[in-house]
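Quick one: the structure is below, and I'll ask about it shortly.
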Amino acid sequence: MARLTSGLWVDAYLRRLDLDLIPAFIVARGDATAGAVLVKLATLDGRAQVFQRVMAMDGSRPWDVLAEGAETEVDAAITRQRSFDPDLWVIEVESRQGRHLLDQPGLE
């Protein structure tokens, strides 16, 4: 099955967030075709989570928490990931309610 390019997925994700009035922006642009994507959720209280896609045993690709805690610690985890993967996309979502939509149809 053909996969969506990373750039197209990012554009679609940002549009979905925009439709739900959830602020988000690109922190780092990765490879437009096949770059991995990290999604940072900042709850604007000094805490954050960062999500990455993982490969499940059944072949699905759910989102999993890579790091969570103080926003500075989450940012450090993202910096470490980018140090060995320069093609990595980083999207930051800002939601006091913790909404990121990654569990919604088409994004999970």
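Heads up: numbering here begins at 1 and tracks the sequence.
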Show the nearest heavy-atom pair for residues A67 and A77, with the distance to one decimal. CB-CB, 3.8 Å

Joint cluster assignment, V39 & W89, ILVMFWY side-chain distance < 4.5 Å: yes

Is the backbone N or O of R61 less than 3.5 Å from a side-chain atom of R53, with the two atoms forming a donor-acceptor pair by type?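 Judged by distance alone, yes, a pair lies under 3.5 Å.
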
So among Q49, K40, R47, which one has a side-chain hydrogen bond (donor to acceptor under 3.5 Å, both in side chains) with E71? K40

Check: Q104 and Y13 side chains under 4.5 Å, non-hydrogen atoms: no

Quick one: pull up CG in L66 and CD in Q81 and give me the separation to the nearest 0.5 Å.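 So the CG of L66 and the CD of Q81 are separated by 5.0 Å.
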
Does one hydrophobic cluster hold both F25 and W9, with members joined at side-chain heavy-atom distances below 4.5 Å?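 No.
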
Considering all heavy atoms, the nearest S95-L41 contact: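 Looks like CB-CD1, 4.0 Å.
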
Nearest 0.5 Å, what's the CG-CZ distance between D87 and R82? 9.0 Å

Quick check for you: to the nearest 0.5 Å, what is the distance between I78 atom CD1 and L38 atom CG?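 That separation rounds to 6.0 Å.
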
Test item: F51 and V65 side chains (from C-beta on) under 4.5 Å apart, heavy atoms: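 Counting from C-beta outward, F51 and V65 do come under 4.5 Å.
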
Under 3.5 Å donor-acceptor pairs involving side-chain atoms of residues 26-37, not counting sequence neighbours:
residue: D31; atom: OD2; partner: T33; partner atom: N; Å: 3.0
residue: D31; atom: OD2; partner: A34; partner atom: N; Å: 2.7

Give a yes or no on whether L88 and L8 share a hydrophobic cluster (residues Ile, Leu, Val, Met, Phe, Trp, Tyr; joining criterion: side-chain heavy atoms under 4.5 Å apart). no

Is L44 isolated, or which residues cluster with it under the ILVMFWY side-chain rule of less than 4.5 Å, directly or via members?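 Cluster partners of L44: none, it stands alone.
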
Non-hydrogen atoms of D20 and R99 that approach each other most closely: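 Closest pair (atom of D20, atom of R99, distance): OD2-NH2, 3.0 Å.
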
D11, L19, L17 screened by side chain to side chain contact (heavy atoms under 4.5 Å, CB included) with R15, the one that passes: L19

Residue pair A24 / L14: nearest heavy atoms and the distance that separates them: CB-CD2, 3.8 Å

